[in-house]
A.B. asks: 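Before I ask anything, here is the structure I am working with.
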2 protein chains.
Amino acid sequence: MPASTRAPADPLHDAKPRRRVGRPAAAVLDQDGITAAALQLIGKSGYDGFTMAALARTLNVAPSALYNHVSSKRDVLVLVQDHLTSFVDVSAFGSGPWDQAVRSWAWSYRDVFSKHTPLIPVIAVLPVTDAPKTLAMYEAVSAGFSHAGFPQERIISAIVALESFIFGSAYDVTAPADIFDSGSMADSTPNFTAAVEQQDLEGYEKPADVAFNLGLEAMIARFGALRG
Amino acid sequence: MPASTRAPADPLHDAKPRRRVGRPAAAVLDQDGITAAALQLIGKSGYDGFTMAALARTLNVAPSALYNHVSSKRDVLVLVQDHLTSFVDVSAFGSGPWDQAVRSWAWSYRDVFSKHTPLIPVIAVLPVTDAPKTLAMYEAVSAGFSHAGFPQERIISAIVALESFIFGSAYDVTAPADIFDSGSMADSTPNFTAAVEQQDLEGYEKPADVAFNLGLEAMIARFGALRG
DNA sequence: ATTCTAAATGAATGGCATTCATTTAGTGGG
DNA sequence: CCCACTAAATGAATGCCATTCATTTAGAAT
């Protein structure tokens with residue numbers, strides 16, 4: 001007649017944080033699981049809804065448990081950013097011509113991070129040592145530049161210039177459509193207002209895409225001329 | 001003996017928030033004062049130390065008083081960003097040749113916001129209506145492009161492309177010097193590691209400046225060719 | 001067996017932006 | 001001249017958040 005210490009019953013509708021105190025027989029958390037859950041949570045709730053408490057909830061764990069595997073929220077963001085980088089397309093650096101490779105790399109890079117702009121401040125100052133997949137991307141791109149005959153001493157600068165443009169353009173994708181509507185100040189800004197109107201006439205293409213294309217092609221054209 | 005309810009005395013070393021409850025005879029706060037104090041506080045304590053409570057303290061006011069003049073912390077950041085924009089140099093668009101004007105505008109724009117990268121996410125999605133000085137900058141730049149014979153329908157795209165590059169490059173300025181040190185993974189990233197080493201050999205100039213120059217000149221050269 | 005370490009819980013902690021009730025000062029209409 | 005209204009301050013909540021800490025338990029190592 002042992003007071004059967006059975007689980008809380010109610011198998012249905014009970015995804016609550018029920019687990020008895022102390023180390024569980026099998027580990028519940030690891031960095032990969034945390035990363036996957038974080039990515040999913042961000043997808044569902046955005047970066048505003050992305051809190052350590054919410055992350056813990058989706059993992060059915062107490063918030064403090066996370067800190068056995070990551071040292072801070074920023075740490076989780078680093079894991080997420082590195083994971084996302086593996087979705088950036090570097091395949092063309094192995095096969096196609098240099099300019100096409102840069103094109104597909106840059107567009108996919110921008111597209112991935114335009115949905116994750118809050119990561120940009122993190123990436124921008126993150127040592128590559130802390131992000132292995134990101135490092136792998138740089139290696140693929142560097143190799144592509146090198147094989148295309150790019151002068152060694154300018155490879156990093158060129159990549160950094162492209163990357164800076166990509167990050168800035170990722171923000172641009174998220175801007176509201178009417179961001180340039182000068183409203184009541186239109187009278188005092190005739191040149192700007194006229195330019196905005198002319199652009200609106202042209203455009204069935206997304207303005208962010210047009211601007212990105214313009215800048216990217218400028219860099220590709222000019223950088224391409226540097227090759228030996 | 002007399003429990004003399006006199007003011008806390010200590011005229012020295014007493015910049016404490018002393019003011020009796022109720023509306024003061026003369027208003028203590030206004031948006032300009034808040035903006036100036038915010039800018040000063042950010043300069044001294046950085047964006048981490050920039051809290052509504054700290055801002056209130058420097059203004060010798062209760063935190064809640066701020067909300068009579070701004071509706072949120074974001075509002076303060078918008079005020080700061082717009083104020084900073086007036087430090088961006090657009091003067092050359094009135095006088096010199098187009099390419100030189102773009103050059104000085106872009107460099108000064110990057111320099112101003114490289115010390116204020118936390119504002120970039122704010123700027124990037126901010127309707128120009130809410131930032132009059134920013135709008136004025138766009139007007140000056142648009143006028144410069146227009147007078148230089150730039151096709152109307154491409155002016156905004158070109159400015160956006162340049163601006164995206166500028167914002168991304170502002171982040172780059174803040175990156176640690178050893179950000180590309182691949183450390184123990186150097187073996188598996190030969191091309192990247194070699195490129196980083198070659199760059200380091202070259203450089204007495206700041207890497208961020210070299211990259212910015214490279215990208216900027218690419219855009220100037222290409223965009224310049226669009227002029228009619 | 002005992003000790004050590006890892007991984008969980010649950011209860012603080014301190015900081016933060018923001019809101020609300022209250023108080024007081026000036027202003028405009030009767 | 002009074003009265004209502006509005007604006008601008010205080011001070012006391014509120015609720016959320018990341019993070020820390022003491023405690024408990026499981027398994028591995030000695």
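Nothing here was measured: the structure is a model prediction, and the numbers come from that model. Just so you know, these numbers use all the heavy atoms, side chains as well, and skip hydrogens, waters and symmetry mates. Chain letters run A, B, ... following the sequence lines, proteins first and then strands; every chain starts at 1.
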A.B. asks: Could you check whether any side-chain N or O of B:Ser86 sits under 3.5 Å from a backbone N or O of B:His83, counting only pairs where one atom can act as donor and the other as acceptor?
C.D. replies: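 Between the backbone of B:His83 and the side chain of B:Ser86 there is a qualifying donor-acceptor contact (under 3.5 Å).
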A.B. asks: Would you say a side-chain N or O of A:Arg19 is under 4.0 Å from OP1 or OP2 of C:dA8?
C.D. replies: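 For C:dA8, OP1/OP2 do not have a side-chain N/O of A:Arg19 under 4.0 Å.
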A.B. asks: Can you find an N or O donor on one side and an acceptor on the other, under 3.5 Å apart, linking the side chain of B:Asn68 with the base of D:dA7?
C.D. replies: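 In this structure, the two groups form no donor-acceptor pair.
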A.B. asks: For A:Leu84, what residues pass the side chain to side chain contact (heavy atoms under 4.5 Å, CB included) criterion, not counting sequence neighbours?
C.D. replies: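 A:Leu84 satisfies side chain to side chain contact (heavy atoms under 4.5 Å, CB included) with A:Leu39, A:Val80, A:Phe87, A:Val112, A:Phe113, A:His116, A:Leu119 only.
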A.B. asks: Output every pair passing ring pair (Phe, Tyr, Trp, His ring centres under 6.0 Å) with a member in residues 49-68 of chain A, not counting sequence neighbours, ordered by first then second residue.
C.D. replies: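 Every pair satisfying ring pair (Phe, Tyr, Trp, His ring centres under 6.0 Å) with a residue in residues 49-68 of chain A: there are none.
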A.B. asks: Rounded to whole angstroms, how far apart are CZ on B:Arg74 and P on C:dT18?
C.D. replies: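 So the CZ-P distance, B:Arg74 to C:dT18, works out to 11 Å.
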A.B. asks: Mind listing the residues from residues 77-84 of chain A sitting with a heavy atom below 4.0 Å of DNA chain D? Number order is fine.
C.D. replies: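 DNA chain D contact set from residues 77-84 of chain A: none.
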A.B. asks: Working to the nearest 0.5 Å, report the span between CG of A:Asn191 and OH of B:Tyr138.
C.D. replies: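 Answer for the CG-OH pair, A:Asn191 versus B:Tyr138, is 15.5 Å.
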A.B. asks: Test of understanding: with side chain to side chain contact (heavy atoms under 4.5 Å, CB included), list the residues that count as partners of A:Asp82, not counting sequence neighbours.
C.D. replies: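 For A:Asp82 the side chain to side chain contact (heavy atoms under 4.5 Å, CB included) partners, ignoring immediate neighbours, are A:Ala131, A:Pro132, A:Lys133, A:Thr134.
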A.B. asks: In whole Å, what is the span from the CG atom of B:Leu55 to the C1' atom of C:dT18?
C.D. replies: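 Between C1' of C:dT18 and CG of B:Leu55: 14 Å.
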A.B. asks: May I have the distance from A:Leu66 (atom CG) to C:dA6 (atom C1'), rounded to whole angstrom?
C.D. replies: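 Going from A:Leu66 (CG) to C:dA6 (C1'), I get 15 Å.
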A.B. asks: Polar atom pairs between nucleotides 16-18 of chain D and protein, under 3.5 Å, N or O only, would you list them?
C.D. replies:
unit_1	atom_1	unit_2	atom_2	d
D:dA18	OP1	A:Met52	N	3.4
D:dA18	OP1	A:Lys73	NZ	2.9
D:dA18	OP2	A:Met52	N	2.9

A.B. asks: OP1 or OP2 of C:dA8 sitting under 4.0 Å from any side-chain N/O of A:His69?
C.D. replies: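 Affirmative; the distance criterion is met.
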A.B. asks: The criterion is salt bridge (Lys or Arg N to Asp or Glu O under 4.0 Å); which residues satisfy it with A:Asp209, sequence neighbours excluded?
C.D. replies: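 If we apply the salt bridge (Lys or Arg N to Asp or Glu O under 4.0 Å) test to A:Asp209, skipping adjacent residues, the hits are A:Arg110.
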A.B. asks: For a quick test of your reading: what N or O donor-acceptor pairs under 3.5 Å do the side chains of residues 172-186 of chain B make, sequence neighbours left out?
C.D. replies:
unit_1	atom_1	unit_2	atom_2	d
B:Thr174	OG1	B:Tyr171	O	2.7
B:Asp181	OD1	B:Gly183	N	3.2
B:Ser182	OG	B:Thr193	OG1	3.3

A.B. asks: Expected output is a numbered-order residue list: members of residues 20-33 of chain A with a heavy atom under 4.0 Å from any atom of DNA chain C. What is it?
C.D. replies: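 A:Val21, A:Gly22, A:Arg23, A:Pro24, A:Ala27, A:Val28, A:Leu29 - these, ordered by number, are the residues of the stretch whose heavy atoms sit under 4.0 Å from the strand.
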A.B. asks: Sequence neighbours left out, what passes side chain to side chain contact (heavy atoms under 4.5 Å, CB included) with B:Ser72? Give chain and number order.
C.D. replies: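 B:Ser72 satisfies side chain to side chain contact (heavy atoms under 4.5 Å, CB included) with B:Arg74, B:Asp75 once adjacent residues are dropped.
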A.B. asks: Residues two or more places apart in sequence or in another chain: which of them pass side chain to side chain contact (heavy atoms under 4.5 Å, CB included) with B:Ala136?
C.D. replies: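 Applying side chain to side chain contact (heavy atoms under 4.5 Å, CB included) to B:Ala136 gives none.
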A.B. asks: Identify, with sequence neighbours excluded, every residue that meets side chain to side chain donor-acceptor pair (under 3.5 Å) alongside B:Thr58.
C.D. replies: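 None.
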A.B. asks: What pairs with B:Phe167 under ring pair (Phe, Tyr, Trp, His ring centres under 6.0 Å), at least two apart in sequence or on another chain?
C.D. replies: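 Scan of B:Phe167 (ring pair (Phe, Tyr, Trp, His ring centres under 6.0 Å), adjacent residues dropped) gives B:Tyr109.
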